[in-house]
Engineer: 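This is the structure I want to talk about, given as structure tokens.
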There are 2 protein chains.
Amino acid sequence: MNYPHDDLALHPLRWHADGSAIEVIDQTRLPHREELRRLSDRNAVAQAIRSMVVRGAPLIGACAAWGLVFALREDPSDAALQASVRILAETRPTAVNLGWALARMLARVQGIAPALREQAAVEEAIQICLEDIEQNRRIGEHGLAILRRLHHELHRPLRVLTHCNAGWLATLRWGTALAPLYLAQQAGLPIEVWVDETRPRNQGALTAWELGRAGIAHTVIVDNAGGHLMQHGQVDLVIVGADRVTATGDVCNKIGTYLKALAARDCSVPFYAAVPSPSIDWQVRDGLREIPIEERHAQEVAGVSGLDASGAVGTLRLFPAHSRCANPAFDVTPSRLVDGIITEHGVYQASAEGLAPLGALLALAARR
Amino acid sequence: MNYPHDDLALHPLRWHADGSAIEVIDQTRLPHREELRRLSDRNAVAQAIRSMVVRGAPLIGACAAWGLVFALREDPSDAALQASVRILAETRPTAVNLGWALARMLARVQGIAPALREQAAVEEAIQICLEDIEQNRRIGEHGLAILRRLHHELHRPLRVLTHCNAGWLATLRWGTALAPLYLAQQAGLPIEVWVDETRPRNQGALTAWELGRAGIAHTVIVDNAGGHLMQHGQVDLVIVGADRVTATGDVCNKIGTYLKALAARDCSVPFYAAVPSPSIDWQVRDGLREIPIEERHAQEVAGVSGLDASGAVGTLRLFPAHSRCANPAFDVTPSRLVDGIITEHGVYQASAEGLAPLGALLALAARR
């Protein structure tokens, strides 16, 4: 397993140096059970993505890349390559990074002789992982600058509120929204984190777990509590991740993000979204009208999972059987409520004008 | 059991005509189990209040009144009367209605001969129950006028969002926030209700249960979802109850109410609080600064109760054992976000000026 000079405990995916297998933390068992899954063939990887053993766009993309490595070891032919790309791409159809990672792997291996493909694929998969780590570290650096300014102003531990899980568990390391917090910890900047529970899937439990693993002080609150805390000066900054940011700076993220952004604005608390630049959708200008919101299964609302008194993971039904439940999974926070978009290239204003320089930078890089 | 000419199923408390006992729905078992508890002595009533078998300020007050009835049957002496008032008053120290109901019972019986006290107490307890029902019905009528106007404008079923439980389960009948909805149903006005889960104690389950019992269409959502629904025109009106309303119209209610009020204002959705006039605290002018917010046990956040696969009521732990939880139980919605306070005397603007006529009316009534 790799990642020299780094804390091995803070990666949700590690690979064998010879590229024969990866190990992932089974996120369906967190935070109650810490179990590693060894994956060494394509179907096992596909199943791990489907069943959400791995989650988070960057991590899913990287896993799929490794799935292709294992497929090419079995059969490096053109036909098998195409079939495996298709199978892996269909594991989570809406994850953008999945298609991106597979397209990149395909581009790397399809022009070379089948016998050389496995080695090239291993190199590319490692590259994808390392680039994600570097990208997140840079998001963290730019976010850290914001934290430093705030700390310089307030002269006390900073209290940061976050929603859902956009931490190292969802990426290869550091996370997006949480990257600035991990770098702040390394820099000796005192921070405390308010962790939104994030019903219905309670990803706050993952955030609490990974912050605990890293030794960062944190307090879990229900999704209802953040506004009250902001009213009483208990929150200095809100940082969230995002599934998608529009060209105009609207932020599509886990359901409930909009409510926290409203409270942040009402209480003059800065509100930032941290995303890698590929998560900016330059085609969308009006997030509220243009982004379709996934309606997930009502069962996620009607029930909840946790640890019972005997230490077993169980599920409970919360509401009367006859009561209908609705489960919109994401919402859109209008750019007017967002103080900035933190990316690996810097912090940009959440507006078409504010993001334009980033668009130009990316276009330039693409032309090189 | 009483309540002639009414639906017996929609009362959380019924009394025997001879005053010998009351029956209450055990609210600690809802929505999963529907169990009645027969209470016929003071200590059983005190324990039911303490253990939240009964909850909701008006219902607690009425139960305490009946507890005093049962105490006076056992021993109508002055000493026993004083002792029972003290014991019942201490069951839930923060409930205003509890003290109010006991003071009223005491005033009724202390001036008369011990032998006559029991009968007088029965009459007063029944009077307290019937007055609560009438008060809530009048809140419902005033709220119904708002619903009628909205329906006249929109010409389609009205979608109303509510938070926590301020329905018939919390009162003697009708509820406060839900009273307009029950009267709308009786009037044939089509309504659908969005029921906030209301973590951490999930009182939305009680709301879903009582709406279901009354046959009102409803959909349970997580507390994160309401803002998104309002952004997309899926909510026509928000009505909540309140634990306390200040003289200036600030609304202190279950944690999370403030976030919904922010979204309602941002999306131009009318936001109302429905309360009996005794819940207006004329001494408090700044709800945010002056109302202390109860911090309840972290265990309410860390765990959750529900029905397991075998049909038994169980509890699960949701977060890592090392993670701290915080649990502020209420928040204050500033009056600027509130479109009106619905009371039994009418609908008033949420401001000092708006509520002044109500204050004058109540002062006049008190002088009579």
Side-chain angles (χ1 to χ4, degrees), chain A residues 31-32 163 194-200 202 204-205 208-209 211-212 217-229 231-232 254-260 262-263 266 288 293 301-309 314-320 322-328 330-332, chain B residues 31-32 163 194-200 202 204-205 208-209 211-212 217-229 231-232 254-260 262-263 266 288 293 301-309 314-320 322-328 330-332:
Chain A
H32 306 295
H163 191 70
W194 295 109
V195 179
D196 268 0
E197 174 178 32
T198 320
R199 278 276 290 152
N202 288 36
W209 182 85
L211 289 170
H218 62 280
T219 304
V220 177
I221 50 175
V222 295
D223 300 308
N224 284 322
H228 165 75
L229 295 173
Q231 283 180 312
H232 289 269
K254 190 64 58 197
I255 190 80
T257 301
Y258 165 57
L259 293 171
K260 292 303 137 65
L262 283 169
D266 197 49
L288 265 175
I293 299 297
V301 173
V304 69
S305 291
L307 211 62
D308 70 18
T315 300
L316 295 177
R317 185 154 67 69
L318 300 173
F319 300 103
H322 67 259
S323 294
R324 207 163 66 90
C325 294
N327 188 12
F330 301 94
D331 64 23
V332 172
Chain B
H32 307 296
H163 191 70
W194 295 109
V195 179
D196 270 1
E197 174 178 32
T198 319
R199 278 277 289 150
N202 288 34
W209 182 86
L211 289 170
H218 62 280
T219 304
V220 177
I221 50 176
V222 295
D223 300 308
N224 284 322
H228 166 74
L229 295 173
Q231 285 180 310
H232 289 269
K254 192 64 56 196
I255 190 81
T257 302
Y258 165 57
L259 293 171
K260 292 303 137 61
L262 283 168
D266 197 47
L288 266 174
I293 299 296
V301 173
V304 70
S305 290
L307 211 62
D308 69 19
T315 300
L316 295 176
R317 185 154 65 70
L318 300 173
F319 300 103
H322 66 260
S323 294
R324 207 163 66 90
C325 295
N327 188 14
F330 301 93
D331 65 22
V332 173

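Note on naming: letters A, B, ... go to the chains in the order of the sequence lines (proteins, then strands), and numbering restarts at 1 for each one. Not measured: the values here are computed from a predicted model.
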Engineer: Given heavy-atom pairs under 4.5 angstrom as the criterion, report whether the side chain, backbone, both or neither of B:Ile293 touches chain A.
Structural biologist: side chain
Engineer: Which pair of heavy atoms, one from A:His228 and one from B:Phe330, lies closest together, and at what distance?
Structural biologist: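 Shortest heavy-atom contact: ND1-O, 3.8 Å.
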Engineer: Using a 3.5 Å distance criterion without hydrogens, assess whether the side chain of B:Asn224 forms a donor-acceptor pair with backbone atoms of A:Arg199.
Structural biologist: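 Answer holds: yes.
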Engineer: Among the options A:Gln231, A:His163, A:His32, pick out the one with the most heavy-atom pairs lying under 4.5 Å from chain B.
Structural biologist: A:Gln231
Engineer: What part of B:Ser305 gets closer than 4.5 Å to chain A, counting heavy atoms only: side chain, backbone, both or neither?
Structural biologist: backbone
Engineer: Relative to chain B, which of A:Gly306, A:Ala302, A:Pro328 shows the most heavy atom pairs under 4.5 Å?
Structural biologist: A:Gly306
Engineer: Kindly write out the residues that satisfy side chain to side chain contact (heavy atoms under 4.5 Å, CB included) with A:Ala208, not counting sequence neighbours, or none if the list is empty.
Structural biologist: A:His218, A:Val220, B:Pro320, B:Ser323
Engineer: Given a strict heavy-atom distance threshold of 4.5 Å, which part of B:Thr315 is in contact with chain A: side chain, backbone, both, or neither?
Structural biologist: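 Backbone only.
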Engineer: Name the region of B:Asn327, side chain, backbone, both or neither, that has any atom closer than 4.5 Å to a heavy atom of chain A.
Structural biologist: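 Neither part; nothing is under 4.5 Å.
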Engineer: Which of the residues B:Ile221, B:Leu288, B:Asn202 is involved in the greatest number of heavy-atom pairs with chain A at under 4.5 angstrom?
Structural biologist: B:Leu288
Engineer: Taking A:Leu318, A:Asp331, A:Thr257 one by one, which has the highest count of heavy-atom pairs under 4.5 Å against chain B?
Structural biologist: A:Leu318
Engineer: Considering only heavy atoms and a distance below 4.5 Å, find which of B:Asp266, B:Asp308, B:Val301 pairs most often with chain A.
Structural biologist: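 Most pairs with chain A among the choices: B:Asp266.
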Engineer: Looking at B:Lys254, B:Arg324, B:Lys260, which one has more heavy-atom pairs under 4.5 Å with chain A than the rest?
Structural biologist: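 Greatest number of close heavy-atom pairs with chain A: B:Arg324.
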Engineer: Apply side chain to side chain contact (heavy atoms under 4.5 Å, CB included) to B:Ala263 and list each qualifying residue two or more places apart in sequence or on a separate chain.
Structural biologist: A:Tyr258, A:Leu259, A:Leu262, B:Met230
Engineer: Let's go through B:Asp223 and A:Val222 carefully: what are the C-alpha distance in whole Å and the side-chain angles of both, what is the deciding distance for side-chain contact (heavy atoms from CB on, under 4.5 Å) to 0.1 Å, and is it a yes or a no?
Structural biologist: CA-CA 9 Å; B:Asp223 300 308; A:Val222 295; over 6 Å; no
